[in-house]
Amino acid sequence: MSAKQRAQAIAPILREQFPGTAVELCELDFASPFQLLCATVLSAQCTDVRVNATTPALFAAYPDAPAMAGADRSHLESLIFATGFYRAKANHLLELSARLLSTYGGEVPKRREDLVTLAGVGRKTANVVRSVAFSLPGLPVDTHVLRLSKRLDLVRSDDPVKVEHRLNALFGEQEGGALSLRLILHGRRTCTARVMACENCVLLDWCPTGKKRQALAT
DNA sequence: ATCCCGAGGG
DNA sequence: CCCTCTGGAT
């Protein structure tokens with residue numbers, strides 16, 4: 001059983017569990033690419049629920065790049081305080097908005113090379129924005145995607161960039177965003193970092209780690 | 001204690 | 001490559 005074969009078996013099962021496109025599967029609330037970009041920057045080491053509790057007041061005050069670029073730093077910090085890393089994140093939002101104005105006409109760029117030049121935006125965030133806001137290829141590799149890909153033995157590497165390329169090759173570039181979100185959702189509900197709930201996992205038949213574990217238990 | 005859809009700096 | 005940034009939930 002090759003990784004490619006496992007990937008082809010896994011894809012439709014995950015699609016059935018978590019139907020929809022990347023936009024529909026994304027749990028962050030946003031009304032524009034700019035707002036998704038900001039919400040994703042805020043989501044670093046923070047739950048989506050908390051980000052969604054934070055962003056309504058934030059976007060009411062600073063809905064777009066021009067408004068955010070002119071935000072009062074202390075006010076901005078107080079608005080995003082609960083998301084953690086609030087000083088660094090406030091700096092990121094300020095700098096990123098200023099750069100959008102100075103270099104990209106106030107719009108969020110679509111190319112990954114441009115996105116990653118923005119403060120607080122790394123490869124993972126760039127891929128979220130591309131796939132969710134623009135329906136472009138982009139496969140965000142976060143801790144969940146990395147963990148599940150390894151447990152499913154789709155990849156061996158720990159390098160997120162290599163993992164991204166590998167998953168794109170296995171599942172197809174256009175599936176990237178939705179695939180990532182589905183792995184994340186499955187990783188949060190069933191295959192968590194500490195507890196693998198293999199007994200009610202829909203992927204068990206295709207999971208080398210789960211089957212090995214099952215064999216040991218019997 | 002450990003985790004939450006990380007990124008930047010040394 | 002490792003450290004730091006940070007609060008809240010479990």
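Within every chain, numbering begins at 1; the chains are lettered A, B, ... in the order of the sequence lines, protein sequences first and strands thereafter.
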With a 4.0 Å heavy-atom cut-off, tell me which residues in [range] come close to DNA chain B, sorted by residue number.
{"range": "residues 140-158 of chain A", "value": "A:D142, A:T143, A:H144"}
{"range": "residues 160-193 of chain A", "value": "A:L181, A:I184, A:R188"}
{"range": "residues 122-137 of chain A", "value": "A:G122, A:K124, A:T125, A:V128"}

Exercise. With DNA chain B as reference, determine whether A:V121 or A:V49 sits nearer its 5' end, using the nearest nucleotide of each.
Key: A:V49
Practice problem: Could you pull out all residues at least two apart from A:Y86 that satisfy ring-ring contact (aromatic ring centres under 6.0 Å, His included)? | Solution: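 Only A:F81 meet the ring-ring contact (aromatic ring centres under 6.0 Å, His included) criterion with A:Y86.
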Exercise. Not counting sequence neighbours, which residues clear ring-ring contact (aromatic ring centres under 6.0 Å, His included) with A:H165? List them please.
Key: none
Quiz item: Which residue pairs pass the ring-ring contact (aromatic ring centres under 6.0 Å, His included) test with at least one member in residues 87-132 of chain A, sequence neighbours excluded?
Solution: none
Quiz item: According to the ring-ring contact (aromatic ring centres under 6.0 Å, His included) rule, which pairs have a member within residues 33-80 of chain A, sequence neighbours left out?
Solution: A:Y62-A:H75
Quiz item: Going 5' to 3' along DNA chain B, which nucleotides are the first and last within contact of chain A (any atom under 4.0 Å from a heavy atom)?
Solution: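 Nucleotide range with atoms under 4.0 Å of chain A: B:dT2 to B:dG8.
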Taking the basic N atoms (NZ, or NE/NH1/NH2) and the acidic carboxylate oxygens, is any pair closer than 4.0 Å for [X] and [Y]?
{"X": "A:R188", "Y": "A:D48", "answer": "yes"}
{"X": "A:K211", "Y": "A:D205", "answer": "no"}
{"X": "A:R182", "Y": "A:E16", "answer": "no"}

Measure the distance from [atom1] on [X] to [atom2] on [N] and round it to the nearest whole Å.
{"X": "A:L79", "N": "C:dG7", "atom1": "CG", "atom2": "P", "value": "16 Å"}
{"X": "A:L42", "N": "C:dT6", "atom1": "CG", "atom2": "P", "value": "13 Å"}
{"X": "A:K89", "N": "C:dG7", "atom1": "NZ", "atom2": "C1'", "value": "9 Å"}

Detail all sub-3.5 Å separations between protein N/O atoms and N/O atoms belonging to nucleotides 8-10 of chain C.
| from | atom 1 | to | atom 2 | distance (Å) |
| --- | --- | --- | --- | --- |
| C:dG8 | O3' | A:R50 | NH2 | 2.6 |

Contacts under 3.5 angstrom, residues 105-112 of chain A side chains, donor-acceptor by atom type, not counting sequence neighbours:
| from | atom 1 | to | atom 2 | distance (Å) |
| --- | --- | --- | --- | --- |
| A:R111 | NE | A:D114 | OD2 | 3.0 |
| A:R111 | NH2 | A:D114 | OD1 | 3.3 |
| A:R112 | NH1 | A:E164 | OE2 | 3.2 |

Exercise. Mind listing the residues from residues 11-36 of chain A sitting with a heavy atom below 4.0 Å of DNA chain C? Number order is fine.
Key: none
Quiz prompt | Within 6.0 Å of CZ in A:R15, more than 12 heavy atoms from elsewhere | solution =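 More than 12 heavy atoms, drawn from other residues, nucleotides or ligands, come within 6.0 Å of this atom.
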Quiz prompt | Pairing residues for A:C191 by the side-chain contact (heavy atoms from CB on, under 4.5 Å) criterion, not counting sequence neighbours | solution = A:L148, A:R151, A:H186, A:M196
